Amino acid sequence: MPNVVIVGMQWGDEGKGKIVDLICPAFDAVARYQGGHNAGHTVRFGEHHFSLRLIPSGILHQGTECVLGNGMVVSPEAFLGERQELRDAGVDDAGRLHLSNRATVLLPPHVALDRAREQARGAAAIGTTSRGIGPAYESKAGRYGLRLADLAADDLEERLEELLGVVRPQLHSLGSDVEPEEVDAAALAERCRAWGEALSGHLADTEQLLNGWLRAGHSVLFEGAQGTLLDIDHGTYPYVTSSSSTAGGAATGSGVPPTAIDGVIGILKAYTTRVGGGPFTTELEDETGRFLRKRGNEFGTVTGRPRRCGWLDLVAARYAQMLNGVTGIALTKLDVLDDLDEIKVCTAYRVGGETVTDLPADRAALDTAEPVYETLPGWGTSTVGTLSFEELPPAARDYVRYIEERLGAPAVWISTGPRREETIARRDLPAYGRLMAR
Ligand code: GDP
Ligand code: IMO
Ligand code: MG
């Protein structure tokens with residue numbers, strides 16, 4: 001039974017939630033392995049519209065086990081709020097929503113610090129989701145963080161005091177107007193104990209759970225959040241998130257061995273978007289950019305911010321292909337390009353008078369890179385809801401083939417609308433059988 005990682009090949013919001021929801025009936029479990037409630041994964045089917053932030057998108061399928069892995073940063077408040085929203089919508093999570101004991105706790109002081117830092121950065125702000133993600137991962141790496149299992153620890157207050165001892169002076173020097181009780185260890189300990197109790201039914205050694213399922217021959221889908229270019233190591237640093245969002249993160253962030261992973265599905269939007277600051281070589285600040293934003297409804301799921309839009313960047317996508325070892329692509333939002341006369345694709349960058357085809361590591365190079373484009377013809381007819389590859393207009397098929405050739409991986413799924421139903425699944429491709437458990 002294959003175990004498969006789903007990973008964003010760009011700067012996030014590629015449509016991961018839609019694809020996870022679509023294919024998860026073929027798997028026994030879905031596990032998130034990094035990030036926190038900075039993610040916003042949209043799932044639509046029929047008249048339903050869900051926006052998942054912390055909880056795996058598999059939760060919408062009764063019978064699918066869901067895991068929040070050790071590599072995540074979990075805000076108990078956000079988790080309980082999201083669980084309630086889902087319950088209110090009739091989703092039954094009984095006995096199938098598991099939280100890693102070893103996941104890092106994201107607390108209100110982390111949020112305060114994220115906000116204060118961003119404010120202090122001014123024009124150089126990262127443009128974070130202001131959810132406290134960076135400071136929470138810092139606590140983890142700095143070894144003064146709390147894990148979910150610690151919410152019930154006898155020395156909880158001392159541990160919080162240690163954490164606050166690091167965070168408080170920083171807030172102070174940044175001139176933060178944080179409420180005193182948010183940085184008071186005793187007050188925070190009281191809230192933590194209540195959260196610990198509320199979460200206790202979900203807490204588990206999820207590494208044991210996952211590996212037990214693997215031994216029993218069950219299959220697991222790993223749901224990545226963010227995207228390759230937002231990865232803390234491989235992304236456009238420092239304009240990145242603070243976790244390992246590439247496929248490699250699935251092993252460390254869930255506790256399954258890398259050898260258990262059989263395939264990687266790369267989610268690639270037919271054009272590019274980015275939220276927040278940082279280099280974006282193919283960005284369009286013109287009529288076409290505004291068209292993509294409007295037609296693609298490119299507004300943040302978490303923060304409502306307008307997403308920056310631009311042409312497909314194959315320099316970045318090839319890099320993502322290499323880092324993740326993508327065995328099958330899900331190409332999303334092809335329909336958004338329906339009305340364009342021509343479509344540009346960036347195949348290289350011009351940096352300091354030279355043509356480069358590999359993503360530069362250097363910050364100044366990324367900031368000044370100029371895109372080299374190839375222009376492809378548009379198709380001028382609607383692809384929305386097309387159910388087979390053959391029914392796509394010829395120029396749309398050519399666009400798909402062009403991407404497949406340049407990236408060296410088959411487009412196993414082609415998405416032509418936000419709904420579950422609006423997807424071409426190319427079951428005839430060998431990669432489909434290798435990626436799908438049933
Ligand atoms: P994620 O973070 O990768 O899960 O992506 P988001 O949910 O943040 O953003 C993707 C957006 O595009 C959502 O609003 C989806 O409903 C929508 N979407 C996904 N696939 C398609 C598609 O093929 N066509 C169109 N028009 N919208 C899509
Ligand atoms: P999904 O899973 C798009 C971006 C933020 C910011 C940077 C750092 O829905 O694809 P953070 O709050 O993580 O410290 O912000 O990363 N970012 C995302 N952009 N989609 C996401 O998630 C993102 N999660 C974080 O906009 O630029
Ligand atoms: Mg999103």
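Counting starts at 1 for both ligands and their atoms, in listed order. Keep in mind the model is a prediction, meaning the values are calculated, not measured. Reckoned from all heavy atoms, side chains included, excluding hydrogens, waters and symmetry mates.
- The nearest heavy-atom contact from the protein to atom 13 (O) of ligand 2 is T241 OG1, 2.6 Å.
- Under 4.0 Å from ligand 2, not a single heavy atom of D114 appears.
- Residue S242 has no N or O atom closer than 3.5 Å to an N or O atom of ligand 2.
- Given atom 12 (O) of ligand 2, the protein heavy atom at minimum distance is T129 OG1, 2.6 Å.
- Residue contacts with ligand 1 for D13 involve both N, CA, C or O and side-chain atoms from C-beta outward (heavy atoms, distance under 4.0 Å).
- Judged by distance alone, the side chains of E223 and H41 do bring a donor and an acceptor atom under 3.5 Å apart.
- Ligand-side atoms of ligand 2 in range of A225: 2 (O), range being under 4.0 angstrom from any heavy atom.
- Contact annotation: G40 places an N, O or S atom under 2.8 Å from the Mg ion (ligand 3).
- Side chain to side chain, T246 and N324 fail the donor-acceptor criterion of an N or O pair below 3.5 Å.
- Close approach to G127 involves these atoms of ligand 2, each under 4.0 Å from a residue heavy atom: 5 (C), 6 (C), 26 (O), 27 (O).
- Under the 3.5 Å distance criterion, with hydrogens and angles disregarded, a donor-acceptor pair is assigned to the side chains of R117 and Q170.
- Considering both main-chain and side-chain atoms, D13 comes within under 3.5 Å of ligand 2 through a nitrogen or oxygen pair.
- Side-chain atoms of S130 and E118 form no donor-acceptor pair, as typed in the model, at a separation below 3.5 Å.
- By heavy-atom distance, the residue among G278, G40, G224, A125 lying nearest atom 9 (O) of ligand 2 is G40.
- Contact atoms of ligand 2 toward W11: 3 (C), 19 (N) (distance under 4.0 Å to a heavy atom of the residue).
- A salt bridge does not link D114 with R131: none of the charged nitrogens is closer than 4.0 Å to a carboxylate oxygen.
- In this structure, G417 counts as a contact residue of ligand 1, since one of its heavy atoms falls inside 4.0 Å of the ligand.
- A donor and an acceptor atom, one from each side chain of T228 and H234, are nowhere located under 3.5 Å apart.
- At least one N or O atom of H41 sits closer than 3.5 Å to an N or O atom of ligand 2.
- Environment of CD in E285: sparse, with no more than 12 heavy atoms of neighbouring residues, nucleotides or ligands closer than 6.0 Å.
- Considering backbone and side-chain atoms together, E14 places no N or O closer than 3.5 Å to any N or O of ligand 2.
- Judged by distance alone, the side chains of H218 and N3 never bring a donor and an acceptor atom under 3.5 Å apart.
- Near V240, the atoms of ligand 2 lying under 4.0 angstrom from a non-hydrogen atom of the residue are 7 (C), 8 (C).
- Close N/O approach between S130 and ligand 2 is not found [any backbone or side-chain N/O within under 3.5 Å].
- Interface atoms of ligand 2 facing I126, defined by a heavy-atom separation under 4.0 Å, are 27 (O).
- Looking only at atom types and distance, the side chain of T301 has no donor-acceptor partner in the side chain of R53 under 3.5 Å away.
- On a distance-only criterion, G277 and ligand 2 share no N/O pair closer than 3.5 Å.
- A side-chain donor-acceptor contact under 3.5 Å links Q226 and N38.
- Nearest to atom 18 (N) of ligand 1 among the protein's heavy atoms is P418 CA, 3.8 Å.
- Protein heavy atom at the shortest distance from atom 27 (O) of ligand 2 is V275 O, 3.0 Å.
- When the N, O or S atoms of D13 are ranked by distance to the Mg ion (ligand 3), OD1 comes first.
- No salt bridge links R147 with D150; every basic N to acidic carboxylate O contact stays at or beyond 4.0 Å.
- Taking distance alone, with nitrogen or oxygen atoms compared against 3.5 Å, R274 stays at or beyond that limit from ligand 2.
- Taking the six-membered ring for Trp and thresholds of 30 and 60 degrees, F45 and H48 have ring planes inclined between 30 and 60 degrees apart.
- In terms of protein heavy atoms, atom 26 (N) of ligand 1 is closest to D335 OD2, 2.8 Å.
- Checked by atom type, the side-chain pair H98/E65 shows a donor-acceptor distance below 3.5 Å.
- Against a heavy-atom cut-off of under 4.0 Å, K18 is close to the following atoms of ligand 1: 20 (N).
- Taking distance alone, with nitrogen or oxygen atoms compared against 3.5 Å, T301 approaches ligand 1 more closely than that limit.
- Taking any N or O of G15, backbone or side chain, at least one lies under 3.5 Å from an N or O belonging to ligand 1.
- Heavy atoms of K16 found under 4.0 angstrom from ligand 2 belong exclusively to the side chain.
- Residue contacts with ligand 1: G40 is included, with a non-hydrogen atom under 4.0 Å away.
- Using a 4.5 Å heavy-atom threshold, the side chains of R274 and T236 count as touching.
- Within the listing of ligand 2, atoms 4 (C), 16 (O), 17 (N), 18 (C), 19 (N) sit less than 4.0 angstrom from a heavy atom of L230.
- Taking the ring axis of Y402 as reference, the NZ or CZ atom of R406 stays within 45° of it and closer than 6.0 Å to the ring centre.
- Only the side chain of R307 comes within contact range of ligand 1, with a heavy atom under 4.0 Å; no backbone atom does.
- Using 4.0 Å as the threshold, N297 has no heavy atom nearer than that to any atom of ligand 1.
- In terms of protein heavy-atom proximity, atom 11 (C) of ligand 1 is closest to K333 NZ, 3.5 Å.
- Between E298 and K333 there is a salt bridge, with a side-chain nitrogen of the basic residue lying less than 4.0 Å from a carboxylate oxygen of the acidic one.
- A heavy-atom distance below 4.5 Å is found between the side chains of L284 and L292.
- Looking at S243 and Q34, their side chains do bring a donor and an acceptor atom within 3.5 Å of each other.
- Considering R305, Q226, R32 only, the shortest heavy-atom separation from atom 23 (C) of ligand 2 involves Q226.
- At a heavy-atom cutoff of 4.0 Å, ligand 1 is contacted by both the backbone and the side chain of T42.
- Judged purely by distance below 3.5 Å, without hydrogens or angles, the side chains of D338 and W379 pair a donor atom with an acceptor atom.
- Counting only N and O atoms by type, the side chains of Y349 and D313 include a donor and acceptor under 3.5 Å apart.
- Heavy-atom proximity to S415, at under 4.0 Å, picks out these atoms of ligand 1: 20 (N), 21 (C), 22 (C), 23 (O).
- The side-chain tip of R426 points at the ring of F389 from less than 6.0 angstrom away and within 45° of straight on.
- Backbone and side-chain nitrogen or oxygen atoms of G134 are examined, and none is located within less than 3.5 angstrom of a nitrogen or oxygen of ligand 2.
- Against a heavy-atom cut-off of under 4.0 Å, G17 is close to the following atoms of ligand 1: 4 (O).
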Going through the checks in order, is the ring-ring contact (aromatic ring centres under 6.0 Å, His included) test met by W413 and Y432?
-> CA-CA 9 Å; W413 290 269; Y432 182 88; 5.7 Å; yes
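- Distance from atom 15 (O) of ligand 2 to its nearest protein heavy atom, with residue and atom name: T128 CA, 3.3 Å.
- Proximity to G276 (heavy-atom distance under 4.0 Å) selects the following atoms of ligand 2: 27 (O).
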